[in-house]
Number of protein chains: 2
Amino acid sequence: MMRPTRNGAQLITNTQGSAPGTGPQPADFTDVRATNLAVVLRFVRENAPCSRADIAASTGLNKATVSSLVADLIDRRLLRETGLTENRVGRPATMLVLDGSPYAAVGIEVNVDYLTAVAVDLKGEALLSWRRAFPGGSASSGQAVAGIAGVARRVVTRMTKEARQVLGLTVAVPGLVDLTGSVRLAPNMGWRDVDLAGDLAKALRDPGFPVLVDNDANLGALAELRFGPHSGVRDLVYLTGEIGVGAGIVLDGRLRRGGAGFSGEIGHIEIVPGGPPCHCGRRGCLEVVAGLGALLDRTVPGGVSPAELEPEIDEVVQRAEAGDPVVLDLLDTLAGNLGRGVGIVANLLNPEVVVLGGYYVKLAPWILARAEQEMLARALAPGGGGCRLVVSGLGYGAAALGAAARVLDSVDSGRLPAPA
Amino acid sequence: MMRPTRNGAQLITNTQGSAPGTGPQPADFTDVRATNLAVVLRFVRENAPCSRADIAASTGLNKATVSSLVADLIDRRLLRETGLTENRVGRPATMLVLDGSPYAAVGIEVNVDYLTAVAVDLKGEALLSWRRAFPGGSASSGQAVAGIAGVARRVVTRMTKEARQVLGLTVAVPGLVDLTGSVRLAPNMGWRDVDLAGDLAKALRDPGFPVLVDNDANLGALAELRFGPHSGVRDLVYLTGEIGVGAGIVLDGRLRRGGAGFSGEIGHIEIVPGGPPCHCGRRGCLEVVAGLGALLDRTVPGGVSPAELEPEIDEVVQRAEAGDPVVLDLLDTLAGNLGRGVGIVANLLNPEVVVLGGYYVKLAPWILARAEQEMLARALAPGGGGCRLVVSGLGYGAAALGAAARVLDSVDSGRLPAPA
DNA sequence: GTTTGTTTGGTCGTTAGACGAACTAACTCT
DNA sequence: AGAGTTAGTTCGTCTAACGACCAAACAAAC
């Protein structure tokens, strides 16, 4: 096969610390190396187990180059040689896999009622998954930071006991997070201008790994991209289905955060002009007409307490299963409104997939078809421009998983740990 | 000054012709060279006239490297040496500028009523700007292709007479254009599944330069990015204000076209549920409640003919200037609806700027303030997340200018003409 | 004028690292 | 055993960035 002519894409360059707006950075030999290391690492992640020859054949890199790159990755303990192939013509190949043992990526998701912590290895396999109650809505931000730091420390010591090096920690927050990792506004948590990334780094005092903070919907989208069944999809939108509704937007394979990091605030798009009032002060927001709060307010007498969200959703599910016409009608209305929101996304962004997450997953049997139909009816492009509406298979803690995935992404895109 | 540590961005690699979904391509020395050539070219574009020493100091590239890169660019006739600096301590610098004379980039915009063709040199300075009536709405697609090809040929021969080499041709179309340059749906033109890029390339028979087709709003956004007063902005949305309303979405410095190329169809987002019917079959679309057709339908007795759009807009402007309460009220309503659409964009994408183009420019004095206020009221992020609503200064033919800009962009991102 | 200092831009040798070809290793098949 | 096949390594080549040095060309100070 001919080596394909390659022309026009992108390589990893060093842009850290340069003034913004300076334009793209010049490239270096080290950039070539970093790019190719990342290419090999990603290839093995997606095709393990595979041989050096496989890598060379598929990526177009020279066999000699692949050998050198693989040796480097083995030095950094990112790859490991496993057995040989047998019963084949020719010299048997030594197979390569990601080395799962030396590293860990940590993700923590905080929410109004609970906190989820996960750690995964380089392969993305779960090492640890904790879930505990968390008084996010009532505690002060200082107490919250202390609580998160405490959990983070426990996860890190646990990983250290297993002889793993923590590559990074990312925290998912339901709210507006700016590009520095500071939480500008998290209404459900009662936070405003909390420099969570900075405070956490301080509380962990020189942790030796990067501490990042991001929006929960953004990280949910990353989780779907890495762990969901969407191989090859480069344009995806993830919708959280918690008390609020947020969107994580992936276009051309990367999260798009907007100018200040505040993209994806679909929950406060006006869907029903003059509709029911939202806690944000506006009316008819998607969150009010297609969120869970509104649903539960009408099915559960006496209002909803965040801490009791899950059992109440379960009750709705039971009543729907039993055929309760009131609940079915409410779900149908919710689905219609949700579909209108998804239609807006389909028209504006033309994603290949929109993934429903959070509690929407449990409600899917009663809302998915209607919502998809509504979306298709509203999209200008025939067939919705190829946009599919699907349900997340990741369950709760998708954002925590995505937070860990963000750490792995930074490795995949060239930020490798140093060799031993 | 210390050389800044560079880490984590991206380099131009060769991705042409490789299977999609293969993941990022490996890098090569030629990629480093291409990246650095592009870096120098862009630097000179933004800082001309400047010396080699300036380039080295600002980009961090080595002086020797810059000399080599500049020599290469001069060989390719992209840069030119101009006079020396005087009256300064030290050896005078030889200044470098973009060479405007050897090349041309061509953009053509087709619309319902007219066709605009522009050619610009490497600096982005206009070489030619034609506007002529074009029966886009009534002609068959075959006739339209022939007409466009005819204009393109005339532009090319004109450029050839000026001893310029045409680097590329891009055509802007108001409609859904897929990623191959095929027009899937252009309701106002009456087109469906027209392989415009292919047909044009055929009609021009081996033109020796790439022929591309893109959506008019996308190209309007590119025009704003390059020629508008938005230096350093990386997240921008451009709204066309023609018969239809479309959005061009730039995030992180590049156009985002969505999975099939159909992003930006803001015109058919439902703004007023149950509102007036739209020609697309739905009701209350942004296009109907904030587009020009709706405005003119109510101000001009007897309906609107596309060919007479401009004088009718002018009449609306005159009546607004005269203080006609009916017109002012209609404009205020339009502005409110437009602002709701912009609010959706601000919430979902958090751009730094939303630019109003097309005929919105003429109406700006009566709609801008109200629309911005409406947008700010609807954005969840305080202050709209920093989003500003502004008016385009590029006038008509912004899409044609953007079409030419797309050609320049491909040069800027590494696809350089061969040396003489 | 002469000297000194400063800045520009080019030359030369070094070095990182990808590539191609040749080579060795290890297996299967006949 | 020999032929054929595939895997991975070694070695030399080549591209292109980098650092150090140098000559040229000027202003300012003397």
Side-chain angles (χ1 to χ4, degrees), chain A residues 1-6 11-14 25-40 49-74 79 81-96, chain B residues 1-6 11-14 25-40 49-75 79 81-96 414:
Chain A
M1 202 190 74
M2 243 192 65
R3 167 72 175 284
T5 312
R6 302 174 304 172
L11 185 140
I12 299 168
T13 8
N14 325 327
Q25 296 309 308
D28 207 335
F29 290 122
T30 61
D31 300 323
V32 175
R33 188 69 173 179
T35 301
N36 290 343
L37 284 168
V39 165
V40 171
C50 63
S51 69
R52 292 168 173 82
D54 294 337
I55 300 171
S58 298
T59 61
L61 285 162
N62 190 279
K63 280 198 300 174
T65 308
V66 171
S67 278
S68 158
L69 292 165
V70 166
D72 202 339
L73 291 170
I74 289 176
L79 294 188
E81 289 187 341
T82 177
L84 304 179
T85 48
E86 287 164 28
N87 300 330
R88 273 195 349 195
V89 175
R91 172 176 169 179
T94 56
M95 301 309 265
L96 299 165
Chain B
M1 202 189 73
M2 244 191 66
R3 166 74 174 281
T5 313
R6 303 174 304 173
L11 185 141
I12 299 169
T13 6
N14 323 328
Q25 297 308 309
D28 205 338
F29 291 121
T30 61
D31 300 324
V32 176
R33 188 66 174 182
T35 301
N36 289 343
L37 284 169
V39 165
V40 171
C50 63
S51 70
R52 292 167 173 82
D54 293 338
I55 299 171
S58 299
T59 62
L61 286 163
N62 189 281
K63 282 196 303 171
T65 307
V66 170
S67 278
S68 158
L69 292 166
V70 166
D72 202 338
L73 290 171
I74 289 176
D75 272 357
L79 293 189
E81 289 188 338
T82 176
L84 304 181
T85 48
E86 286 163 29
N87 300 330
R88 274 194 351 196
V89 175
R91 173 177 168 178
T94 56
M95 301 311 265
L96 299 166

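Just so we're on the same page: letters track the sequence lines, and every chain starts at 1. Hydrogens, waters and symmetry mates are skipped; everything else that's a heavy atom, side chains included, is used.
Each of D/dA7, C/dG10, D/dC18 was ranked by its minimum atom distance to the side chain of B/K63; first place goes to C/dG10. The side chain of B/P92 approaches D/dA25 more closely than any other nucleotide in the set D/dG8, D/dA25, C/dG10.
For A/V89 and B/E81, each mapped to the nucleotide of DNA chain C holding its nearest heavy atom, the one lying further toward the 5' end belongs to B/E81. Comparing A/G90 and A/A53 by the nucleotide of DNA chain D whose heavy atom lies nearest to each, the residue mapping closer to the 5' end is A/G90. Comparing B/R33 and A/A64 along DNA chain D, the residue whose closest nucleotide (by nearest heavy atom) sits nearer the 5' end is A/A64.
B/D28 has its CG atom 14 Å from the P atom of C/dG17, to the nearest Å. Note: CG (B/D75) to P (D/dA16) measures 13 Å, nearest angstrom. As a whole-Å value, the separation of B/D72 CG from D/dT15 C1' is 13 Å. Between the CZ atom of B/R52 and the C1' atom of C/dT11 there is a distance of 14 Å, given to the nearest Å. Atom CG of A/L69 is separated from atom C1' of C/dA18 by 9 Å (rounded to the nearest Å). Rounding to whole angstrom units, CG of residue A/D31 and P of C/dA18 are separated by 12 Å. One interatomic measurement links the two molecules: CZ of B/F29 to P of C/dG20, which rounds to 12 Å at whole-angstrom precision. Put simply, CG on B/N62 is 16 Å from P on C/dG13, counting in whole angstrom units.
A rotation axis mapping the C1' atoms of four pairs onto the next four is fitted at both ends of the helix from C/dG1-D/dC30 to C/dT30-D/dA1 over five pairs, and the angle between these axes is 10° to 10 degrees.
At the phosphate of C/dA18, OP1 or OP2 sits under 4.0 Å from a side-chain N or O atom of A/N36. Between D/dG8 and A/S51, a contact under 4.0 Å exists linking OP1 or OP2 to a side-chain N or O.
Considering all non-hydrogen atoms of both residues, A/M95 and A/P49 come closest at CE-O, 3.5 Å. Among all heavy-atom pairs drawn from B/G414 and B/A38, the shortest one is N-CB, 4.1 Å.
Here A/S68 lies out of heavy-atom contact (under 4.0 Å) with every strand. Within 4.0 Å (heavy atoms only), A/S67 reaches at least one base atom of the nucleic acid.
With hydrogens and angles ignored, no donor-acceptor pair under 3.5 angstrom links the side chain of A/R91 to the base of C/dA26.
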Is there a side-chain contact (heavy atoms from CB on, under 4.5 Å) between B/I55 and B/L96 once you walk through the steps? CA-CA 10 Å; B/I55 299 171; B/L96 299 166; 4.0 Å; yes
Walk me through whether B/R52 and B/T94 qualify under side-chain contact (heavy atoms from CB on, under 4.5 Å). CA-CA 8 Å; B/R52 292 167 173 82; B/T94 56; 3.0 Å; yes
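Between the B/D72 side chain and the B/L69 main chain, no donor and acceptor come within less than 3.5 Å of each other.
To the nearest 0.5 Å, atoms CG (B/D54) and OG1 (B/T59) are separated by 10.5 Å. With values rounded to the nearest 0.5 angstrom, B/T65 atom OG1 is found 7.5 Å from B/N36 atom CG.
Proximity of A/V40 to A/V70: side-chain heavy atoms (C-beta onward) are separated by under 4.5 Å at one or more points.
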